[in-house]
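What follows is one structure encoded as C-alpha coordinates, with my remarks underneath.
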Amino acid sequence: MSTESKEILVGESSQAKPEKKTIVLMASDGDEFVVDVDDITNQSEMIRNLISDMGGTDGLQVPLLNVTAPVLAKLLELFNVSNKNDDDEEVTQKVKELMEAELNMMIDVLGAANYIEATSFFDLSCKVLADKFKGMSVEEVREFLNIECDFTEEELQQIHAENAWAFD
Amino acid sequence: MSEAPASNNMEKTSSKLPPDLFMEILSWIPARALLKLRCVRKHWYSMTTDPVFIRFHLQRQQLLPQVTSVLTFHKQPNDRAVLCLLDVVDAPWAAKHVAVWDNHPLLNISSPCHGLICLYHIYTEPDVCLYNPATRKSFSLPQNFTSEDILLSAFCLGYHPISRQYKVIHVFCTRSNALGMEVLTVGGSTWRKVEVSSARTTFTSIKMGRPSATGTMYWLALRQGTLEDIILSVDLDDERFIEVPLPQTERHHEEGYKSLTELEGTIHLVSHWFAKADWMDIWMLRELGAHRLWIHRFHLRLYDLPRGVRPMERELPTPNPANPSPPERSCKPVISAAFRFPQSAVYCPTTMICYAVSGREGEERAGGPSNPWGSRMRTNEVAGNRLWGILASMVRMMPDLLGYEQKDAKTFVLWALFEAPPAKNMEMTELPSDLFMEILSWIPARALLKL
(Lines give C-alpha, C1' and ligand atoms only; values in the text may rest on other atoms or scores of the structure.)
Protein backbone atom coordinates (compact mmCIF):
# COMPACT_ATOMS: atom_id res chain seq x y z
CA MET A 1 0.00 0.00 0.00
CA SER A 2 2.66 2.42 0.98
CA THR A 3 4.58 1.94 -2.25
CA GLU A 4 1.51 2.72 -4.35
CA SER A 5 0.91 6.01 -2.66
CA LYS A 6 4.55 6.86 -3.10
CA GLU A 7 4.36 6.40 -6.84
CA ILE A 8 1.37 8.66 -7.09
CA LEU A 9 3.18 11.32 -5.16
CA VAL A 10 6.16 11.18 -7.46
CA GLY A 11 3.92 11.50 -10.49
CA GLU A 12 2.10 14.47 -9.08
CA SER A 13 5.13 16.37 -8.06
CA SER A 14 6.82 16.03 -11.42
CA GLN A 15 3.72 17.33 -13.18
CA ALA A 16 3.32 20.12 -10.69
CA LYS A 17 6.51 21.91 -11.69
CA PRO A 18 6.48 22.57 -15.41
CA GLU A 19 9.20 25.15 -15.09
CA LYS A 20 12.26 23.51 -13.66
CA LYS A 21 15.26 25.50 -12.66
CA THR A 22 18.40 24.06 -14.09
CA ILE A 23 22.13 24.57 -13.98
CA VAL A 24 24.89 23.29 -16.20
CA LEU A 25 27.66 20.98 -15.02
CA MET A 26 30.75 20.88 -17.21
CA ALA A 27 32.84 17.75 -17.27
CA SER A 28 36.63 18.00 -17.59
CA ASP A 29 36.45 17.31 -21.34
CA GLY A 30 33.99 20.15 -21.90
CA ASP A 31 30.78 18.16 -22.18
CA GLU A 32 27.84 19.95 -20.66
CA PHE A 33 25.14 18.35 -18.54
CA VAL A 34 21.96 20.22 -17.78
CA VAL A 35 20.62 19.18 -14.37
CA ASP A 36 17.64 20.07 -12.26
CA VAL A 37 18.67 22.34 -9.40
CA ASP A 38 16.64 20.54 -6.76
CA ASP A 39 17.93 17.16 -7.87
CA ILE A 40 21.56 18.15 -7.68
CA THR A 41 21.44 20.25 -4.52
CA ASN A 42 19.66 17.39 -2.86
CA GLN A 43 22.85 15.37 -3.31
CA SER A 44 25.79 17.70 -3.53
CA GLU A 45 26.78 19.95 -0.71
CA MET A 46 29.41 21.65 -2.83
CA ILE A 47 26.87 22.76 -5.43
CA ARG A 48 24.39 23.75 -2.75
CA ASN A 49 26.99 26.04 -1.20
CA LEU A 50 28.04 27.34 -4.57
CA ILE A 51 24.48 28.34 -5.46
CA SER A 52 23.97 30.12 -2.17
CA ASP A 53 27.32 31.91 -2.59
CA MET A 54 26.42 33.02 -6.09
CA GLY A 55 23.00 34.17 -4.91
CA GLY A 56 21.09 32.28 -7.60
CA THR A 57 21.14 29.76 -10.34
CA ASP A 58 20.71 31.99 -13.40
CA GLY A 59 22.97 30.77 -16.15
CA LEU A 60 25.19 29.04 -13.63
CA GLN A 61 27.85 26.79 -15.11
CA VAL A 62 29.88 24.60 -12.79
CA PRO A 63 33.11 23.26 -14.21
CA LEU A 64 34.09 19.94 -12.62
CA LEU A 65 37.74 19.69 -13.55
CA ASN A 66 38.35 16.28 -12.01
CA VAL A 67 35.37 14.51 -13.50
CA THR A 68 35.21 13.10 -17.01
CA ALA A 69 31.99 13.01 -19.00
CA PRO A 70 31.32 9.25 -18.72
CA VAL A 71 31.86 9.36 -14.97
CA LEU A 72 29.64 12.40 -14.55
CA ALA A 73 26.94 10.75 -16.66
CA LYS A 74 27.06 7.65 -14.48
CA LEU A 75 27.02 9.68 -11.29
CA LEU A 76 24.00 11.70 -12.42
CA GLU A 77 22.25 8.51 -13.42
CA LEU A 78 22.76 7.13 -9.91
CA PHE A 79 21.64 10.40 -8.32
CA ASN A 80 18.51 10.12 -10.37
CA VAL A 81 17.82 6.66 -8.98
CA SER A 82 18.52 7.92 -5.51
CA ASN A 83 16.23 10.96 -5.89
CA LYS A 84 13.37 8.85 -7.14
CA ASN A 85 13.42 6.43 -4.24
CA ASP A 86 12.89 7.28 -0.63
CA ASP A 87 14.82 4.30 0.62
CA ASP A 88 18.34 3.40 -0.37
CA GLU A 89 17.57 -0.08 -1.58
CA GLU A 90 17.33 0.68 -5.28
CA VAL A 91 20.43 2.82 -5.44
CA THR A 92 22.39 0.33 -3.35
CA GLN A 93 21.47 -2.30 -5.88
CA LYS A 94 22.60 -0.10 -8.78
CA VAL A 95 25.90 0.65 -7.09
CA LYS A 96 26.42 -3.07 -6.52
CA GLU A 97 25.78 -3.80 -10.15
CA LEU A 98 28.22 -1.13 -11.19
CA MET A 99 30.85 -2.46 -8.81
CA GLU A 100 30.57 -5.95 -10.24
CA ALA A 101 30.52 -4.82 -13.85
CA GLU A 102 32.96 -1.93 -13.95
CA LEU A 103 35.04 -1.53 -10.87
CA ASN A 104 37.16 1.24 -12.34
CA MET A 105 34.12 3.26 -13.21
CA MET A 106 32.75 2.65 -9.73
CA ILE A 107 35.94 3.99 -8.17
CA ASP A 108 35.90 7.04 -10.41
CA VAL A 109 32.29 7.67 -9.53
CA LEU A 110 33.21 7.43 -5.85
CA GLY A 111 35.98 9.95 -6.36
CA ALA A 112 33.61 12.29 -8.16
CA ALA A 113 30.95 11.93 -5.46
CA ASN A 114 33.57 12.79 -2.88
CA TYR A 115 34.70 15.78 -4.93
CA ILE A 116 31.26 17.34 -5.16
CA GLU A 117 30.55 16.39 -1.54
CA ALA A 118 27.63 14.08 -2.18
CA THR A 119 28.05 12.74 1.31
CA SER A 120 25.16 10.36 1.69
CA PHE A 121 25.69 8.81 -1.73
CA PHE A 122 29.40 8.54 -1.05
CA ASP A 123 28.92 6.83 2.31
CA LEU A 124 26.39 4.46 0.83
CA SER A 125 28.76 3.46 -1.95
CA CYS A 126 31.64 3.00 0.48
CA LYS A 127 29.44 0.71 2.53
CA VAL A 128 28.63 -1.34 -0.55
CA LEU A 129 32.34 -1.88 -1.16
CA ALA A 130 32.99 -2.52 2.52
CA ASP A 131 30.26 -5.16 2.56
CA LYS A 132 31.88 -6.80 -0.43
CA PHE A 133 35.34 -6.84 1.16
CA LYS A 134 34.05 -7.98 4.51
CA GLY A 135 33.16 -11.41 3.24
CA MET A 136 36.28 -11.92 1.13
CA SER A 137 39.61 -13.50 1.92
CA VAL A 138 42.78 -11.47 1.60
CA GLU A 139 43.63 -13.17 -1.69
CA GLU A 140 40.19 -12.52 -3.11
CA VAL A 141 40.43 -8.82 -2.26
CA ARG A 142 43.81 -8.59 -3.96
CA GLU A 143 42.44 -10.27 -7.02
CA PHE A 144 39.28 -8.18 -7.04
CA LEU A 145 41.22 -4.93 -6.87
CA ASN A 146 44.03 -6.31 -8.95
CA ILE A 147 46.75 -5.33 -6.49
CA GLU A 148 50.02 -7.04 -5.81
CA CYS A 149 50.97 -8.23 -2.36
CA ASP A 150 53.96 -6.13 -1.30
CA PHE A 151 54.68 -8.00 1.93
CA THR A 152 57.41 -10.58 2.19
CA GLU A 153 56.47 -14.09 3.24
CA GLU A 154 57.97 -13.55 6.72
CA GLU A 155 56.07 -10.32 7.24
CA LEU A 156 52.83 -12.00 6.30
CA GLN A 157 53.46 -14.84 8.69
CA GLN A 158 54.16 -12.42 11.47
CA ILE A 159 50.94 -10.47 10.92
CA HIS A 160 49.09 -13.71 10.69
CA ALA A 161 50.50 -14.89 14.00
CA GLU A 162 49.54 -11.66 15.75
CA ASN A 163 45.87 -12.28 15.14
CA ALA A 164 45.64 -15.88 14.14
CA TRP A 165 42.10 -16.14 15.50
CA ALA A 166 40.81 -13.58 13.06
CA PHE A 167 41.77 -15.81 10.14
CA ASP A 168 39.77 -18.84 11.27
CA MET B 1 23.57 11.22 -22.42
CA SER B 2 27.15 10.85 -23.44
CA GLU B 3 29.60 8.39 -24.90
CA ALA B 4 30.00 4.87 -23.71
CA PRO B 5 31.96 4.56 -20.51
CA ALA B 6 35.67 3.93 -20.66
CA SER B 7 36.60 0.38 -21.38
CA ASN B 8 36.76 -1.93 -18.48
CA ASN B 9 40.47 -1.96 -18.06
CA MET B 10 41.22 -3.85 -14.90
CA GLU B 11 44.99 -3.49 -15.17
CA LYS B 12 44.73 0.10 -14.22
CA THR B 13 42.91 -0.48 -10.98
CA SER B 14 45.78 -0.67 -8.56
CA SER B 15 47.47 2.44 -9.82
CA LYS B 16 44.37 4.53 -9.47
CA LEU B 17 43.19 3.50 -6.04
CA PRO B 18 43.12 6.75 -4.13
CA PRO B 19 44.28 6.14 -0.57
CA ASP B 20 41.69 8.45 0.99
CA LEU B 21 38.95 6.52 -0.65
CA PHE B 22 40.16 3.30 0.89
CA MET B 23 40.33 4.85 4.29
CA GLU B 24 36.64 5.65 3.89
CA ILE B 25 35.78 2.20 2.67
CA LEU B 26 37.78 0.31 5.27
CA SER B 27 36.27 2.37 8.06
CA TRP B 28 32.96 0.61 7.44
CA ILE B 29 34.45 -2.84 7.85
CA PRO B 30 34.12 -4.50 11.25
CA ALA B 31 37.20 -5.05 13.34
CA ARG B 32 37.60 -8.76 12.90
CA ALA B 33 37.46 -8.67 9.12
CA LEU B 34 39.77 -5.70 9.17
CA LEU B 35 42.41 -7.50 11.21
CA LYS B 36 42.53 -9.97 8.39
CA LEU B 37 42.20 -7.64 5.43
CA ARG B 38 44.94 -5.30 6.45
CA CYS B 39 47.52 -7.68 5.11
CA VAL B 40 46.23 -7.11 1.58
CA ARG B 41 49.02 -4.61 1.07
CA LYS B 42 51.47 -2.61 3.14
CA HIS B 43 49.61 0.58 2.75
CA TRP B 44 46.45 -0.94 4.20
CA TYR B 45 48.40 -2.26 7.15
CA SER B 46 49.99 1.05 8.00
CA MET B 47 46.73 2.89 7.46
CA THR B 48 44.67 0.64 9.72
CA THR B 49 47.21 0.70 12.53
CA ASP B 50 47.35 4.47 12.49
CA PRO B 51 45.61 6.16 15.45
CA VAL B 52 43.84 8.57 13.12
CA PHE B 53 42.22 5.67 11.34
CA ILE B 54 41.44 3.86 14.56
CA ARG B 55 39.59 6.88 15.84
CA PHE B 56 37.76 7.28 12.57
CA HIS B 57 36.85 3.61 12.52
CA LEU B 58 35.44 3.74 16.03
CA GLN B 59 33.35 6.71 15.06
CA ARG B 60 32.02 4.99 11.98
CA GLN B 61 31.27 1.72 13.64
CA GLN B 62 29.31 3.53 16.29
CA LEU B 63 27.17 5.12 13.62
CA LEU B 64 25.99 1.84 12.28
CA PRO B 65 22.50 1.36 13.54
CA GLN B 66 22.20 -2.34 13.66
CA VAL B 67 23.21 -4.47 16.51
CA THR B 68 25.17 -7.43 15.35
CA SER B 69 27.03 -8.83 18.29
CA VAL B 70 26.55 -9.31 21.95
CA LEU B 71 29.30 -9.96 24.39
CA THR B 72 28.53 -12.12 27.36
CA PHE B 73 30.62 -12.72 30.42
CA HIS B 74 29.71 -15.70 32.36
CA LYS B 75 31.08 -17.64 35.27
CA GLN B 76 30.82 -21.35 35.52
CA PRO B 77 30.68 -23.35 38.74
CA ASN B 78 34.15 -24.77 38.20
CA ASP B 79 35.75 -21.35 38.70
CA ARG B 80 36.06 -20.77 35.03
CA ALA B 81 35.13 -17.44 33.50
CA VAL B 82 34.16 -17.20 29.87
CA LEU B 83 33.85 -14.23 27.58
CA CYS B 84 31.71 -15.08 24.57
CA LEU B 85 30.61 -13.31 21.49
CA LEU B 86 27.23 -13.91 19.98
CA ASP B 87 26.70 -12.71 16.46
CA VAL B 88 23.17 -11.57 16.52
CA VAL B 89 22.59 -11.01 12.88
CA ASP B 90 23.90 -14.15 11.33
CA ALA B 91 21.95 -17.13 12.44
CA PRO B 92 22.50 -19.60 13.95
CA TRP B 93 23.19 -18.24 17.33
CA ALA B 94 26.41 -19.96 18.09
CA ALA B 95 28.44 -18.39 20.84
CA LYS B 96 32.11 -18.01 20.08
CA HIS B 97 34.52 -18.00 22.95
CA VAL B 98 36.63 -14.91 22.98
CA ALA B 99 38.56 -15.77 26.09
CA VAL B 100 38.44 -18.36 28.84
CA TRP B 101 40.04 -18.02 32.23
CA ASP B 102 40.42 -21.09 34.38
CA ASN B 103 40.72 -20.92 38.15
CA HIS B 104 39.73 -17.32 38.39
CA PRO B 105 36.68 -17.47 40.60
CA LEU B 106 36.85 -13.80 41.42
CA LEU B 107 37.49 -12.43 37.99
CA ASN B 108 35.23 -9.53 37.13
CA ILE B 109 34.71 -7.20 34.25
CA SER B 110 33.63 -3.59 34.14
CA SER B 111 30.96 -2.17 31.89
CA PRO B 112 32.35 -1.56 28.45
CA CYS B 113 33.43 1.78 27.14
CA HIS B 114 34.14 2.14 23.41
CA GLY B 115 34.55 -1.57 23.14
CA LEU B 116 37.04 -1.88 25.97
CA ILE B 117 36.55 -3.54 29.29
CA CYS B 118 38.52 -3.59 32.48
CA LEU B 119 39.36 -7.06 33.80
CA TYR B 120 40.14 -7.35 37.49
CA HIS B 121 39.93 -9.49 40.59
CA ILE B 122 37.96 -8.45 43.61
CA TYR B 123 41.12 -9.03 45.61
CA THR B 124 43.38 -6.88 43.55
CA GLU B 125 46.32 -9.28 43.61
CA PRO B 126 47.25 -10.54 40.21
CA ASP B 127 46.62 -8.04 37.54
CA VAL B 128 44.28 -5.30 36.44
CA CYS B 129 44.10 -4.84 32.74
CA LEU B 130 42.13 -3.27 29.95
CA TYR B 131 40.98 -5.73 27.36
CA ASN B 132 39.74 -5.25 23.84
CA PRO B 133 37.65 -8.22 22.78
CA ALA B 134 37.73 -7.08 19.16
CA THR B 135 41.48 -7.46 18.92
CA ARG B 136 41.95 -9.72 21.95
CA LYS B 137 44.73 -7.52 23.20
CA SER B 138 45.19 -6.48 26.77
CA PHE B 139 47.08 -3.79 28.56
CA SER B 140 48.08 -3.94 32.24
CA LEU B 141 47.47 -1.00 34.52
CA PRO B 142 49.99 0.24 37.09
CA GLN B 143 49.37 -1.02 40.60
CA ASN B 144 50.93 1.77 42.64
CA PHE B 145 47.63 2.51 44.37
CA THR B 146 47.26 5.49 46.67
CA SER B 147 46.46 3.24 49.61
CA GLU B 148 48.25 0.18 50.93
CA ASP B 149 45.25 -0.83 52.90
CA ILE B 150 42.97 -2.32 50.25
CA LEU B 151 40.79 -5.28 50.95
CA LEU B 152 38.34 -5.39 48.06
CA SER B 153 38.43 -3.64 44.70
CA ALA B 154 36.28 -2.84 41.72
CA PHE B 155 37.32 -1.01 38.58
CA CYS B 156 35.49 0.79 35.83
CA LEU B 157 36.48 2.53 32.65
CA GLY B 158 35.11 5.76 31.24
CA TYR B 159 35.90 8.33 28.62
CA HIS B 160 35.67 12.07 28.78
CA PRO B 161 34.79 13.59 25.41
CA ILE B 162 36.21 17.04 26.10
CA SER B 163 39.57 16.08 27.55
CA ARG B 164 39.55 13.05 25.23
CA GLN B 165 40.97 10.87 27.92
CA TYR B 166 40.16 7.40 29.06
CA LYS B 167 40.15 7.07 32.82
CA VAL B 168 39.90 4.09 35.11
CA ILE B 169 38.21 4.51 38.47
CA HIS B 170 39.22 2.17 41.26
CA VAL B 171 36.64 1.81 44.01
CA PHE B 172 37.94 0.00 47.06
CA CYS B 173 37.25 -0.97 50.61
CA THR B 174 39.90 -0.79 53.31
CA ARG B 175 40.31 -3.29 56.13
CA SER B 176 38.55 -0.83 58.42
CA ASN B 177 35.60 -0.95 56.00
CA ALA B 178 36.08 2.59 54.72
CA LEU B 179 35.28 3.42 51.11
CA GLY B 180 37.96 4.83 48.84
CA MET B 181 38.21 5.90 45.21
CA GLU B 182 41.10 6.78 42.96
CA VAL B 183 41.46 7.67 39.29
CA LEU B 184 44.06 6.79 36.70
CA THR B 185 44.35 8.38 33.29
CA VAL B 186 44.94 5.59 30.81
CA GLY B 187 48.43 5.97 29.48
CA GLY B 188 49.54 7.68 32.70
CA SER B 189 51.31 6.09 35.63
CA THR B 190 49.81 7.67 38.74
CA TRP B 191 46.60 7.03 40.59
CA ARG B 192 44.94 10.15 42.05
CA LYS B 193 42.76 10.03 45.13
CA VAL B 194 39.10 11.09 44.88
CA GLU B 195 37.60 12.69 47.99
CA VAL B 196 34.66 10.51 49.03
CA SER B 197 34.43 11.41 52.71
CA SER B 198 30.84 12.54 52.23
CA ALA B 199 29.76 9.16 50.92
CA ARG B 200 27.60 7.41 53.41
CA THR B 201 27.75 4.06 51.80
CA THR B 202 29.74 0.87 51.90
CA PHE B 203 31.79 -0.81 49.25
CA THR B 204 29.66 -3.91 49.18
CA SER B 205 26.50 -1.98 48.37
CA ILE B 206 28.01 -0.27 45.33
CA LYS B 207 26.99 -1.78 42.03
CA MET B 208 28.84 -1.73 38.78
CA GLY B 209 29.86 1.73 37.55
CA ARG B 210 28.18 2.99 34.38
CA PRO B 211 29.79 5.67 32.26
CA SER B 212 27.65 8.24 30.45
CA ALA B 213 28.65 9.61 27.06
CA THR B 214 29.28 13.01 28.59
CA GLY B 215 32.06 11.64 30.74
CA THR B 216 30.57 10.96 34.14
CA MET B 217 30.66 7.66 35.96
CA TYR B 218 27.57 6.62 37.95
CA TRP B 219 27.00 3.98 40.59
CA LEU B 220 23.89 2.82 42.35
CA ALA B 221 24.48 2.13 46.05
CA LEU B 222 22.72 1.89 49.40
CA ARG B 223 22.91 4.54 52.09
CA GLN B 224 24.52 3.23 55.22
CA GLY B 225 22.02 2.72 58.02
CA THR B 226 18.81 3.57 56.23
CA LEU B 227 19.51 1.34 53.23
CA GLU B 228 17.90 3.81 50.84
CA ASP B 229 19.06 3.71 47.26
CA ILE B 230 21.48 6.47 46.34
CA ILE B 231 23.35 7.36 43.19
CA LEU B 232 26.99 8.33 43.30
CA SER B 233 28.88 9.96 40.48
CA VAL B 234 32.38 11.05 39.60
CA ASP B 235 33.01 13.56 36.85
CA LEU B 236 35.84 12.18 34.75
CA ASP B 237 37.14 15.64 33.99
CA ASP B 238 37.49 17.35 37.36
CA GLU B 239 37.34 14.02 39.23
CA ARG B 240 34.84 15.35 41.73
CA PHE B 241 32.52 13.07 43.60
CA ILE B 242 28.84 13.97 44.03
CA GLU B 243 25.59 12.31 45.02
CA VAL B 244 22.64 12.47 42.64
CA PRO B 245 19.13 12.43 44.11
CA LEU B 246 16.76 9.76 42.83
CA PRO B 247 13.64 10.64 40.86
CA GLN B 248 10.59 11.43 42.94
CA THR B 249 7.94 8.79 42.80
CA GLU B 250 5.00 7.81 44.91
CA ARG B 251 6.09 4.25 44.81
CA HIS B 252 9.22 4.68 46.81
CA HIS B 253 7.78 2.84 49.75
CA GLU B 254 7.00 -0.17 47.62
CA GLU B 255 9.36 -2.99 47.30
CA GLY B 256 11.29 -2.66 44.09
CA TYR B 257 14.53 -3.51 42.46
CA LYS B 258 16.54 -0.71 40.94
CA SER B 259 19.33 -0.77 38.44
CA LEU B 260 21.30 1.73 36.44
CA THR B 261 21.94 1.15 32.82
CA GLU B 262 23.23 3.17 29.98
CA LEU B 263 21.26 3.48 26.79
CA GLU B 264 21.84 5.83 23.92
CA GLY B 265 24.79 7.29 25.79
CA THR B 266 22.58 8.37 28.64
CA ILE B 267 22.17 6.92 32.09
CA HIS B 268 18.79 5.38 32.78
CA LEU B 269 17.39 4.26 36.08
CA VAL B 270 15.24 1.19 35.85
CA SER B 271 12.94 0.42 38.70
CA HIS B 272 11.11 -2.84 38.81
CA TRP B 273 8.22 -2.99 41.24
CA PHE B 274 7.11 -6.48 41.98
CA ALA B 275 5.22 -6.31 45.26
CA LYS B 276 1.72 -5.83 43.90
CA ALA B 277 2.10 -5.99 40.16
CA ASP B 278 4.99 -6.49 37.82
CA TRP B 279 5.71 -2.97 36.63
CA MET B 280 8.80 -1.38 35.38
CA ASP B 281 9.54 2.33 35.19
CA ILE B 282 12.46 3.77 33.29
CA TRP B 283 13.82 7.25 33.84
CA MET B 284 16.46 9.00 31.82
CA LEU B 285 19.04 11.22 33.51
CA ARG B 286 19.54 14.55 31.77
CA GLU B 287 22.83 16.20 32.56
CA LEU B 288 22.47 19.95 32.30
CA GLY B 289 25.74 21.41 33.45
CA ALA B 290 25.86 20.78 37.16
CA HIS B 291 22.15 19.99 37.28
CA ARG B 292 20.67 16.55 37.04
CA LEU B 293 17.13 16.02 35.90
CA TRP B 294 15.16 12.78 35.71
CA ILE B 295 12.76 12.31 32.82
CA HIS B 296 10.25 9.53 33.08
CA ARG B 297 10.33 7.67 29.79
CA PHE B 298 8.53 4.38 30.12
CA HIS B 299 6.05 2.66 32.30
CA LEU B 300 5.81 -0.99 31.41
CA ARG B 301 3.82 -3.95 32.50
CA LEU B 302 5.84 -7.13 32.53
CA TYR B 303 4.62 -10.60 31.99
CA ASP B 304 6.15 -13.80 33.08
CA LEU B 305 6.66 -16.49 30.57
CA PRO B 306 7.20 -19.95 31.89
CA ARG B 307 10.45 -21.47 30.89
CA GLY B 308 10.42 -23.13 27.54
CA VAL B 309 7.49 -21.12 26.25
CA ARG B 310 8.20 -19.23 23.09
CA PRO B 311 7.88 -15.52 23.38
CA MET B 312 4.59 -14.09 22.33
CA GLU B 313 3.44 -10.66 21.64
CA ARG B 314 0.96 -9.06 23.95
CA GLU B 315 -0.59 -5.69 24.08
CA LEU B 316 0.33 -3.46 26.94
CA PRO B 317 -2.71 -2.57 29.04
CA THR B 318 -3.59 1.08 29.44
CA PRO B 319 -1.03 2.71 31.66
CA ASN B 320 -1.88 2.93 35.29
CA PRO B 321 -3.93 6.13 35.69
CA ALA B 322 -2.36 6.68 39.07
CA ASN B 323 1.01 6.94 37.44
CA PRO B 324 2.23 10.42 38.36
CA SER B 325 4.12 11.34 35.25
CA PRO B 326 3.10 9.93 31.90
CA PRO B 327 5.81 8.62 29.61
CA GLU B 328 7.65 11.31 27.79
CA ARG B 329 6.42 10.42 24.37
CA SER B 330 3.07 9.02 23.61
CA CYS B 331 4.32 5.67 22.62
CA LYS B 332 2.43 2.65 23.58
CA PRO B 333 4.96 -0.03 24.14
CA VAL B 334 4.10 -3.55 23.28
CA ILE B 335 5.61 -6.23 25.35
CA SER B 336 6.78 -8.74 22.88
CA ALA B 337 8.03 -11.08 25.46
CA ALA B 338 8.98 -10.83 29.02
CA PHE B 339 11.30 -13.18 30.65
CA ARG B 340 12.26 -13.47 34.19
CA PHE B 341 15.10 -15.59 35.24
CA PRO B 342 14.40 -18.50 37.46
CA GLN B 343 14.32 -17.50 41.08
CA SER B 344 17.75 -18.93 41.65
CA ALA B 345 19.32 -16.35 39.43
CA VAL B 346 20.98 -13.46 41.10
CA TYR B 347 19.71 -10.11 39.97
CA CYS B 348 22.57 -8.37 38.33
CA PRO B 349 22.91 -4.71 37.45
CA THR B 350 21.74 -5.43 34.00
CA THR B 351 18.45 -6.86 35.07
CA MET B 352 16.56 -4.95 32.53
CA ILE B 353 17.87 -7.00 29.75
CA CYS B 354 15.99 -9.85 31.21
CA TYR B 355 12.99 -8.23 29.67
CA ALA B 356 12.36 -7.71 26.09
CA VAL B 357 10.23 -4.94 24.87
CA SER B 358 9.63 -3.93 21.36
CA GLY B 359 7.67 -1.69 19.20
CA ARG B 360 6.38 1.81 19.13
CA GLU B 361 3.07 2.75 17.78
CA GLY B 362 2.28 1.49 14.38
CA GLU B 363 5.37 -0.55 14.20
CA GLU B 364 5.65 -3.90 12.66
CA ARG B 365 4.72 -6.78 14.88
CA ALA B 366 6.58 -9.99 15.10
CA GLY B 367 6.42 -12.25 12.09
CA GLY B 368 4.80 -15.61 11.92
CA PRO B 369 5.61 -18.33 14.38
CA SER B 370 8.23 -19.70 12.05
CA ASN B 371 10.52 -16.75 12.38
CA PRO B 372 9.67 -14.45 15.21
CA TRP B 373 13.25 -13.33 15.68
CA GLY B 374 14.03 -12.36 12.15
CA SER B 375 11.27 -9.89 11.88
CA ARG B 376 12.10 -8.48 15.23
CA MET B 377 15.54 -7.63 14.02
CA ARG B 378 14.07 -5.82 11.12
CA THR B 379 11.95 -3.80 13.43
CA ASN B 380 15.08 -2.61 15.17
CA GLU B 381 16.65 -1.34 12.09
CA VAL B 382 13.59 0.46 10.99
CA ALA B 383 13.15 2.02 14.34
CA GLY B 384 16.78 3.04 14.42
CA ASN B 385 16.28 3.63 18.05
CA ARG B 386 19.02 2.19 20.09
CA LEU B 387 17.04 1.70 23.20
CA TRP B 388 14.55 -0.47 21.43
CA GLY B 389 17.25 -1.97 19.35
CA ILE B 390 19.05 -3.24 22.34
CA LEU B 391 16.04 -4.49 24.11
CA ALA B 392 14.58 -6.15 21.09
CA SER B 393 17.78 -7.93 20.35
CA MET B 394 17.75 -9.36 23.76
CA VAL B 395 14.66 -11.26 22.85
CA ARG B 396 16.57 -13.18 20.36
CA MET B 397 19.24 -13.96 22.78
CA MET B 398 17.05 -15.32 25.44
CA PRO B 399 17.00 -18.97 24.46
CA ASP B 400 20.74 -19.05 24.66
CA LEU B 401 20.85 -17.26 27.92
CA LEU B 402 18.31 -19.48 29.45
CA GLY B 403 20.42 -22.33 28.27
CA TYR B 404 23.31 -21.00 30.27
CA GLU B 405 21.11 -20.30 33.16
CA GLN B 406 19.91 -23.82 33.43
CA LYS B 407 23.39 -25.20 33.43
CA ASP B 408 24.53 -23.06 36.27
CA ALA B 409 22.78 -20.91 38.73
CA LYS B 410 25.55 -18.39 39.17
CA THR B 411 25.45 -14.82 38.15
CA PHE B 412 26.11 -13.84 34.67
CA VAL B 413 26.43 -10.42 33.28
CA LEU B 414 25.52 -9.27 29.88
CA TRP B 415 25.53 -6.04 27.98
CA ALA B 416 24.92 -4.73 24.61
CA LEU B 417 28.21 -4.70 22.84
CA PHE B 418 28.42 -1.12 22.04
CA GLU B 419 27.17 0.24 25.11
CA ALA B 420 27.21 3.83 24.64
CA PRO B 421 25.98 5.02 21.42
CA PRO B 422 27.75 8.29 21.66
CA ALA B 423 25.86 11.48 21.48
CA LYS B 424 25.92 12.94 18.00
CA ASN B 425 28.36 15.65 18.87
CA MET B 426 30.58 13.39 20.85
CA GLU B 427 34.17 13.67 19.87
CA MET B 428 36.35 10.72 19.45
CA THR B 429 39.20 10.24 21.66
CA GLU B 430 42.89 10.49 21.36
CA LEU B 431 43.88 6.91 21.88
CA PRO B 432 46.98 6.36 23.92
CA SER B 433 49.14 5.11 21.19
CA ASP B 434 51.00 2.24 22.75
CA LEU B 435 47.96 0.48 24.02
CA PHE B 436 45.30 1.38 21.67
CA MET B 437 47.16 1.18 18.49
CA GLU B 438 45.25 -1.94 17.95
CA ILE B 439 41.83 -0.95 18.88
CA LEU B 440 39.68 -1.26 15.92
CA SER B 441 36.43 -0.84 17.51
CA TRP B 442 34.04 -3.65 17.38
CA ILE B 443 31.79 -5.11 15.21
CA PRO B 444 29.36 -3.11 13.31
CA ALA B 445 27.14 -3.59 16.12
CA ARG B 446 28.11 -0.53 17.60
CA ALA B 447 27.89 -2.58 19.61
CA LEU B 448 25.40 -4.04 21.15
CA LEU B 449 26.59 -4.69 24.33
CA LYS B 450 28.94 -2.21 24.62
CA LEU B 451 32.09 -3.52 24.21
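Every chain is numbered from 1, with letters handed out A, B, ... down the list of sequences. Quantities reported herein were computed from a predicted structural model and do not represent experimental measurements.
Using a cut-off of 4.0 Å between Lys/Arg side-chain N and Asp/Glu carboxylate O, B:K42 and A:E155 are scored as salt-bridged.
The one candidate from A:L64, A:L72, A:V71 that meets the side chain to side chain contact (heavy atoms under 4.5 Å, CB included) condition with A:T68 is A:V71.
For chain B, no part of A:E139 is nearby; none of its heavy atoms comes within less than 4.5 Å. Both the backbone and the side chain of A:V138 come within contact range of chain B, with heavy atoms under 4.5 Å apart. Of the two parts of A:D123, the backbone and the side chain both hold a non-hydrogen atom closer than 4.5 Å to a non-hydrogen atom of chain B. The part of A:I159 that comes within reach of chain B is its side chain, from C-beta onward, which places non-hydrogen atoms under 4.5 angstrom from that chain.
Taking the six-membered ring for Trp and thresholds of 30 and 60 degrees, A:F133 and B:W44 have ring planes inclined between 30 and 60 degrees apart.
Of the listed residues (A:C149, A:S137, A:G135, A:C126), the one with the most heavy-atom contacts under 4.5 Å to chain B is A:C126.
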**Request:** Please step through side-chain hydrogen bond (donor to acceptor under 3.5 Å, both in side chains) for the pair B:R60 and B:S27, ending with a clear verdict.
**Result:** CA-CA 6 Å; B:R60 274 295 161 75; B:S27 70; 3.1 Å; yes

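You'll find the side chain of B:C39 reaches within 4.5 Å of the side chain of A:F151, heavy atoms only.
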